[in-house]
2 protein chains.
Amino acid sequence: MPVNKRAEPEAEKKAQLMAAARQLFVQDGYESTPMGRIAKAAGVTPNTIYWYFEDKDALLLAVLDELFQENMATFLTVARKPLAEQLLWLVQTLRGFSRLISTVHARVRESKPVDQWHSQFHSIVEQLFAMQLPQEMTQAAIAAEVRIAAFTVEGLVTHVLDDDAVRLTCQQLASRWARA
Amino acid sequence: MPVNKRAEPEAEKKAQLMAAARQLFVQDGYESTPMGRIAKAAGVTPNTIYWYFEDKDALLLAVLDELFQENMATFLTVARKPLAEQLLWLVQTLRGFSRLISTVHARVRESKPVDQWHSQFHSIVEQLFAMQLPQEMTQAAIAAEVRIAAFTVEGLVTHVLDDDAVRLTCQQLASRWARA
DNA sequence: ACCTGAACACCGTTCAAGT
DNA sequence: ACCTGAACACCGTTCAAGT
């Protein structure tokens with residue numbers, strides 16, 4: 001007849017595992033953090049993780065989803081500012097997860113789920129920018145400009161550059177879209 | 001007194017190893033090709049590779065250098081054409097090595113030698129483009145435009161896109177640099 | 001349902017030993 | 001100088017067994 005026997009419901013344990021994985025993935029990178037280290041940080045045995053997650057990729061995707069949700073909310077806040085500022089905010093935010101981003105790109109080829117997540121992420125971000133570009137542009141031009149912006153953001157995030165270079169590149173990029 | 005005892009001088013054996021590695025790295029990717037497979041393709045035992053190369057990274061760098069030298073020559077041929085065409089050529093050529101490029105980006109963080117190779121590669125390609133941009137632009141603007149171009153090329157190379165999208169993006173990118 | 005100890009398969013690399 | 005067989009350390013994952 002008891003309903004809440006366990007001190008830790010399944011969801012909570014899963015959250016602990018994700019918190020440990022997230023911290024280590026962001027700090028040390030996905031490839032450089034063995035399952036054993038995540039397990040130890042969460043106080044379990046490595047194989048226990050497999051009761052909650054299918055494999056290491058599933059853990060990665062769960063972490064990515066969490067990070068996306070958390071930061072999407074505040075991005076929508078920034079979405080009313082000038083485009084150059086939006087770009088700069090996006091780059092600075094993503095820079096905090098640059099190792100994770102490199103990992104996603106590396107694993108797009110090896111893992112279908114990672115590939116799907118990556119495609120979806122691009123779609124959302126690119127659409128958010130597309131709707132802000134001048135209406136006078138052709139659809140093809142808008143699509144091209146959005147790709148240029150997306151790839152530039154990725155480059156700024158994953159390459160080592162000083163803040164000035166990042167800022168100037170965002171401004172130069174946005175200067176093209178001055179409304180007619 | 002004999003001078004050329006061996007049927008296969010060291011350089012030749014090394015070249016064989018590099019040819020095997022190159023083929024497999026390009027086809028299957030660096031992470032997905034074990035040293036054992038390279039060894040088998042070259043007709044030796046895995047540990048033999050370590051007599052010729054310090055480690056797997058050294059093999060990778062040797063292959064990268066080879067590819068760079070081979071393609072640099074024909075790039076200089078293309079360098080007299082319009083910028084949009086140069087970009088398109090660069091993207092299409094690099095697309096043949098997209099897995100290798102993803103690997104380089106992933107390993108920049110883990111391997112100092114790979115990081116240095118990557119930086120040097122960027123420097124050379126970016127300078128080649130910088131000198132072709134309109135003289136009227138400020139140094140800062142040129143630097144920003146070159147970064148935008150480099151990152152867009154990288155994005156076009158590493159993401160899945162149809163040929164039309166690639167072509168349109170290169171044109172749109174170059175349209176900005178129309179000489180005043 | 002939840003977790004563990006032990007094992008498996010795979011991989012890069014090393015090393016003592018051979019020619 | 002050049003190459004090998006055997007071993008080492010490490011890793012993701014599985015599985016039979018425990019509670």
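Naming convention: chains lettered A, B, ... in sequence-line order (proteins, then strands); numbering from 1 in each chain. Not measured: the values here are computed from a predicted model.
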Rounded to the nearest angstrom, tell me the gap between atom [atom1] in [X] and atom [atom2] in [N].
{"X": "I38(A)", "N": "dC11(D)", "atom1": "CD1", "atom2": "C1'", "value": "12 Å"}
{"X": "R37(A)", "N": "dC10(D)", "atom1": "CZ", "atom2": "C1'", "value": "12 Å"}
{"X": "W51(B)", "N": "dT19(C)", "atom1": "CH2", "atom2": "C1'", "value": "14 Å"}

Point to revise | Watson-Crick or G-U wobble partner of dT13(C), both distances under 3.5 Å | key: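 By the stated definition (distances under 3.5 Å), dA7(D) pairs with dT13(C).
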Review point. What does Y52(A) touch in the nucleic acid at a heavy-atom separation under 4.0 angstrom: a base, only the sugar-phosphate, or nothing?
Key: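 Sugar-phosphate only.
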Is the ring pair [X]/[Y] parallel, tilted or perpendicular, if the boundaries are 30 and 60 degrees?
{"X": "F129(A)", "Y": "F75(A)", "result": "tilted"}
{"X": "H159(A)", "Y": "F151(B)", "result": "tilted"}
{"X": "H118(A)", "Y": "H122(A)", "result": "perpendicular"}

Review point. Are Q16(A) and E12(A) close enough, and set up right, to give a side-chain hydrogen bond (donor to acceptor under 3.5 Å, both in side chains), and what steps lead you there?
Key: CA-CA 6 Å; Q16(A) 272 176 242; E12(A) 191 152 338; over 6 Å; no
Check your understanding: So, is K13(A) near the phosphate of dA1(C), with a side-chain N or O under 4.0 Å from OP1 or OP2?
Key -> no
Exercise for review: Look at T48(A) and dT4(C) and indicate whether a side-chain polar atom (N or O) is within less than 4.0 Å of OP1 or OP2.
Suggested key: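 T48(A) to dT4(C) OP1/OP2: side-chain N or O found under 4.0 Å.
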Check your understanding: Okay, side chain of N71(A), backbone of L67(A): is any donor-acceptor separation there less than 3.5 Å?
Key ->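 Present.
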Exercise for review: Please tell me which of S32(A) and V44(B) maps to the more 5' nucleotide of DNA chain D, matching each residue to the nucleotide holding its nearest heavy atom.
Suggested key: V44(B)
Might you list the N or O atoms of the protein lying below 3.5 Å from N or O atoms in nucleotides 12-16 of chain D, with each pair's distance?
{"from": "dG12(D)", "atom 1": "OP1", "to": "K56(A)", "atom 2": "NZ", "distance (Å)": "2.7"}
{"from": "dG12(D)", "atom 1": "OP2", "to": "M35(A)", "atom 2": "N", "distance (Å)": "2.8"}
{"from": "dT13(D)", "atom 1": "OP2", "to": "Y50(A)", "atom 2": "OH", "distance (Å)": "2.6"}
{"from": "dT13(D)", "atom 1": "OP2", "to": "K56(A)", "atom 2": "N", "distance (Å)": "3.1"}
{"from": "dT13(D)", "atom 1": "O5'", "to": "Y50(A)", "atom 2": "OH", "distance (Å)": "3.2"}

Exercise for review: Give a yes or no on whether a salt bridge exists between E31(A) and R107(A), defined as a side-chain N under 4.0 angstrom from a carboxylate O.
Suggested key: no
